[in-house]
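Data block below; observations after.
The basis for the numbers below is simple: all heavy atoms, side chains too, and nothing from hydrogens, waters or symmetry mates.
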Amino acid sequence: MAFVECNGRTIGYDDSGESHLPAMLFAHPLGMSRDVWREVTAQLRGRWRCIAWDLPGHGASAPLDHAVTAHDLAADASALLAALAIPRCTFVGSSIGGVIGQALMLDAPAVVERAVLTNTGAVIGQPEDWQTRAARVRSEGLAQMAPELAQRWFGQAYKQQQPAGLAGWTYQLARTDNESYARLCELLADADLRGRLNTIDRPVRLIAGSDDPATPVATLQALAEELGGAPLTTIEGVAHVPSVEDSAAFADCLVAACAAHPGPATPATHADGMNTRRAVLGDAHVDRAADSATTLDAPFQDMITRYAWGELWGNTDLPRTQRSLITIAILAALGRDDELILHLKTAQRLAVPEAELRQALMHVAIYAGVPAANHAFKLAKEQGWGRSDPA
């Protein structure tokens, strides 16, 4: 857990920290916390740098003492990205988090590469219902109301199969700051982005829960229309929090959404490839390559930047650690020592586990020959891989 001051508020957040990976920013539903994403982000390890933050008065973030809008919380998201030196991200938002994502794409589109919005809408529920709930929270308190409200989050399968999970999230809700929760209810009462979303030019994909009473499939279908026909996937047998109820299915949908293109794939640009190349190899190596380029090989450098780094390494279908191991195995099998040394160093930068490197080189021994693997092990040790004491 880490903390940052954004717009006068203390925000608690988690950051998986892999600066060489594309960033994914997560915003959770009302009354919950960043922990709704924990099982999902574990399944995304190696593909994205995952950052999840707590809304005001939720989890570890400071409470609210004044009214806020979705645009205010979108500004918090922008400030958090800026504090982490992240220029753009894939935004994933659920429920009120999805409303924040819509506001972020309207207010600061440059920081959003794409968005995946789940169990949300351009407008959620009826204003009077949110006002009534805010008044009840202030008079009764969430400790009293939590058992009632938590029931709406989950489908019957989860409630029957995971009673401890239902109890745990009920306790989480009961500990949420009453005034902050009420203020966010009032935010949702006022939030109506209908008629404004057709200006969004970022790819957006939607996910619904088939049994969600709070934001039913019809609400997501209406949002899809507002967004000009955004693709919508429905996960069967879950309600309002699919990331908790079926994290594997949700992670699969998320990966598919990020890999999908609404039409023919747009070729990677030189800038795309350069961003990936610098993230993987480091600025020093890329700067040396650029400085040494001449009229002879400058077109070659441009080609590998666009194709090797933009198209191949920039693709998220494989984690970069797996691409690193594949590359090392191929180079070891072919005996391309200079490139192998570079990628052995890169594997350290990417935090490839030693055990995985060992297995990749053992595969080289079986499928490409023991001498090739033996030489690759020698080069790896020269680059600092391995310890002298096997224990």
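No side-chain heavy atom of F3 sits under 4.5 Å from any side-chain heavy atom of I11.
Closest heavy-atom contact between A146 and T170: CB-O, 3.6 Å. When all heavy atoms of L318 and R47 are compared, the closest pair comes out as C-CG, 4.5 Å.
Using a 4.0 Å cut-off between a side-chain N of Lys or Arg and a carboxylate O of Asp or Glu, E225 and R194 do not qualify as a salt bridge. The pair R278-D287 meets the salt-bridge criterion, since a charged nitrogen lies less than 4.0 angstrom from a carboxylate oxygen. Under 4.0 Å is where a charged nitrogen must lie from a carboxylate oxygen, and between R9 and E5 no such pair does. The pair R306-D302 meets the salt-bridge criterion, since a charged nitrogen lies less than 4.0 angstrom from a carboxylate oxygen.
In terms of hydrophobic clustering, with Ile, Leu, Val, Met, Phe, Trp and Tyr side chains grouped at heavy-atom distances under 4.5 Å, L312 and I304 are assigned to different clusters.
Counting non-hydrogen atoms of other residues, nucleotides and ligands closer than 6.0 Å to CD of Q144 gives a total of 12 or fewer. In this structure, R138 places its CZ atom where more than 12 heavy-atom neighbours from other residues, nucleotides or ligands lie under 6.0 Å away.
In this structure, the side chain to side chain contact (heavy atoms under 4.5 Å, CB included) partners of Y367, at least two apart in sequence or on a different chain, are H363.
The aromatic rings of F26 and W37 sit tilted, their planes meeting at an angle between 30° and 60°.
Checking R114 against T90 by side-chain atom types alone, a donor-acceptor pair falls below 3.5 Å.
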